[in-house]
Amino acid sequence: MFSKETYIERRAALAASLREKGENGLVLFVGNAEACAQLKAECYRFRQDSSWLYYFGLDEPYLAATIDLESGAETLFADDVDEDDVIWIGPQPSAAERAALAGLKSFAPARSLDAVVDKALAAGRKVLFLPPSRNYNILRLMELLHISKEEASKGTLSLIEEVIKMRLVKTEEEIALIDAACDLGYEMHSVGRDLLRPGVVEGDIVDRMDFIATSKGWGVSFATIFTQHGEIFHNPSHDKIIEPGRMVVVDAGVEAKTHYCSDFTRTYPSGGKFTPKQKEIYEIALAAHEKAFSMTAPGIAYRDVHLAAEAVILSGLASVGIVNGDIDEMVADGIGGLFLPHGLGHNMGLDVHDMEDLGEDYVGYDPDQKRAPRLGLGSLRMARRLKPGNVITDEPGVYFNVGLIEKWRREGKGSGRINYALLEKEYYDFGGIRIEDDVLVTPTAARRLGSRRLPVTPSEIEDLMSR
Ligand code: GLY
Ligand code: MN
């Protein structure tokens with residue numbers, strides 16, 4: 001965790017911005033609890049809530065805290081481990097030590113929180129809280145605040161907005177940790193690429209990649225995607241044998257021990273050399289990726305960057321005869337969504353999709369922006385105007401999803417503009433391509449995170465894979 005001053009400053013800034021908004025109640029934070037896998041004594045690995053980590057840093061279960069906006073008092077609610085627990089889990093920091101680490105002057109037993117909240121409610125004070133993603137936290141809020149599940153799941157908008165505002169802009173000390181997570185992500189990807197060849201079972205490579213994440217970091221930042229069917233986004237199984245002549249989409253990241261994440265995607269030819277057709281489409285995806293990065297700068301809406309990436313993809317596809325028509329009109333009519341049915345990117349930080357538990361639209365959309373309903377743009381998780389300190393992913397792709405293409409064809413969508421006969425003849429067994437880097441918005445433009453960029457051009461990739 002950072003030094004206590006970081007957490008003191010963050011909480012003070014949060015309290016000040018809430019007071020500025022006219023709030024004067026009690027801000028309540030509930031950290032995560034253990035989640036049982038099967039038995040009470042057999043839990044999943046503990047993962048702390050990310051907003052809790054941001055404001056308190058303490059990485060143990062069953063913690064809560066309040067910030068009193070009126071008096072400024074901050075209290076940690078935590079229990080010392082009892083003597084029985086010490087037998088099983090060994091000595092643990094006391095509640096007093098934990099409070100000191102997070103720069104909290106006062107602490108109290110966990111159960112005393114109920115009375116504190118009751119007193120605030122009885123005095124007619126507002127209690128502000130974040131929407132939890134875990135059921136335990138929802139239940140605890142229902143119990144503490146005497147509210148319904150729906151209310152407990154919703155959270156308090158003013159708090160959500162201020163937390164998002166702060167966490168969206170990464171500080172220098174956070175950026176250093178994200179760079180370090182990206183360096184581990186680089187290593188994880190390099191191991192996978194070096195093992196990739198026809199005849200190997202996908203899962204054997206995934207295990208070796210994931211070992212980098214678990215041995216050098218906290219773990220993977222999401223379940224590793226390693227697939228010869230890149231057109232299916234979150235393909236969960238890794239049981240296939242690598243076949244010659246395919247492309248393999250490798251989308252993987254490390255969550256470092258600090259909990260900051262990385263998230264990279266590369267697409268490799270299974271045998272180390274792209275076919276001319278694969279290379280042709282790969283260059284289109286790469287051009288979209290480079291276009292997106294070249295536009296990434298403060299003030300530009302990431303939604304416009306997504307649309308520009310779509311335009312590059314459509315003009316590339318026009319040059320190979322897959323679509324035809326005016327590019328801007330095709331973008332406006334949503335034709336790009338057939339080939340790029342996901343968004344260009346998302347925020348990244350303590351979560352790989354940063355803060356999406358607080359509400360995807362609150363995180364990714366400025367108040368005057370509305371999420372478009374159409375394919376592709378409708379899945380865009382980050383549309384906001386960029387600010388220095390934003391950390392985002394840049395992950396366009398080109399996909400040929402047969403089920404989706406057939407659906408559009410049946411519905412007559414894009415007829416006259418989409419060459420369905422060519423798609424059927426040439427691209428139904430193609431798969432998909434995605435290329436993803438992690439990007440920091442700087443005061444003037446952007447830089448890619450991590451000290452080295454994963455090889456990305458066809459020649460860089462073929463060169464490395466031929467060794
Ligand atoms: N890299 C996985 C995702 O962004 O969903
Ligand atoms: Mn991603």
Side-chain angles (χ1 to χ4, degrees), residues 50 133 168 170 178-179 181-182 184-189 192-193 202 205-206 209-210 212-213 217-227 229-238 247-256 259-268 285-286 288-289 292-293 296 302-303 305-306 309 337 340-357 360-361 363-364 371 375-384 386 390-399 401 431-441 446 448-450 453-454 456:
S50 295
S133 49
L168 272 180
K170 272 67 178 176
I178 299 173
D179 269 323
C182 288
L184 285 178
Y186 179 99
E187 193 177 335
M188 181 187 190
H189 267 264
R193 186 198 55 237
E202 293 166 349
I205 303 178
V206 172
M209 292 176 68
D210 288 0
I212 300 296
W218 185 85
V220 293
S221 56
F222 55 96
T224 297
I225 296 165
F226 190 102
T227 179
H229 280 280
E231 77 282 11
I232 300 165
F233 296 146
H234 286 180
N235 204 330
S237 63
H238 302 131
M247 280 181 302
V248 183
V249 169
V250 185
D251 184 350
V254 174
E255 178 172 331
H259 297 297
Y260 283 91
C261 295
S262 64
D263 180 7
F264 295 121
T265 308
R266 288 293 184 268
T267 303
Y268 300 114
L286 184 57
H289 181 88
F293 181 70
T296 300
Y302 212 47
R303 182 182 188 281
V305 184
H306 174 107
L340 175 59
H342 64 69
L344 180 66
H346 49 86
N347 289 285
M348 193 185 77
L350 283 165
D351 310 304
V352 67
H353 284 195
D354 213 22
M355 294 176 280
E356 285 181 6
D357 55 331
E360 256 184 61
D361 285 2
V363 176
R371 189 188 282 248
L375 201 59
L377 205 51
S379 302
L380 181 61
R381 300 175 136 95
M382 173 57 170
R384 282 179 182 267
L386 300 173
N390 288 161
V391 168
I392 50 180
T393 66
D394 161 5
E395 50 180 306
V398 179
Y399 309 92
N401 183 312
I433 293 167
R434 178 164 62 258
I435 302 167
E436 176 179 26
D437 283 330
D438 302 332
V439 174
L440 169 71
V441 182
R448 295 191 174 96
L449 286 150
R453 188 181 184 201
L454 282 164
V456 71

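Keep in mind the model is a prediction, meaning the values are calculated, not measured. Values below: all heavy atoms of this structure, side chains included; hydrogens, waters and symmetry mates excluded. Remember, it's 1-based here, ligands and their atoms both numbered in the order they're listed. One-based numbering along the sequence shown.
His346 lies close to the Mn ion (ligand 2), since one of its N, O or S atoms is found at a distance under 2.8 Å. Counting backbone and side-chain atoms alike, Asp263 contributes an N/O/S atom closer than 2.8 Å to the Mn ion (ligand 2).
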Trace of the salt bridge (Lys or Arg N to Asp or Glu O under 4.0 Å) decision for Asp354 with Arg381: CA-CA 10 Å; Asp354 213 22; Arg381 300 175 136 95; over 6 Å; no

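Residue-level proximity to ligand 1 for Phe233 is absent, since no heavy atom of it falls below 4.0 angstrom.
Considering only non-hydrogen protein atoms, atom 5 (O) of ligand 1 sits nearest to His353 NE2, 3.1 Å. When hydrogens are left out, the protein atom nearest atom 2 (C) of ligand 1 is Asp251 OD2, 3.4 Å; that is the closest non-hydrogen contact.
Listed by number with element, the atoms of ligand 1 under 4.0 angstrom from any heavy atom of His234 are 5 (O). Proximity to Glu395 (heavy-atom distance under 4.0 Å) selects the following atoms of ligand 1: 4 (O). Each of the atoms 1 (N), 2 (C) of ligand 1 lies under 4.0 Å from some heavy atom of Phe222.
The closest side-chain heavy-atom distance from Leu380 to Leu344 is below 4.5 Å. Within the 4.5 Å cutoff, no side-chain heavy atoms of Arg303 are placed close to those of Arg384. Within the 4.5 Å cutoff, the side chain of Pro341 has heavy atoms near those of the Leu375 side chain.
For Glu395, the N/O/S atom at the shortest distance from the Mn ion (ligand 2) is named OE2. For Glu436, the N, O or S atom closest to the Mn ion (ligand 2) goes by the atom name OE2.
Across all their heavy atoms, Asp438 and Cys182 have their closest contact at OD2-SG, 3.6 Å.
Separation of the Phe222 and His353 ring centroids does not fall under the 6.0 Å cut-off.
Donor-acceptor pairing under 3.5 Å is recorded for the side chains of His346 and Glu395. Judged by distance alone, the side chains of Tyr186 and Arg453 never bring a donor and an acceptor atom under 3.5 Å apart.
The residue among Thr393, Thr265, Thr224, Asp263 with a heavy atom at the shortest distance from atom 1 (N) of ligand 1 is Asp263.
Using a 4.0 angstrom heavy-atom cutoff, His342 does not count as in contact with ligand 1.
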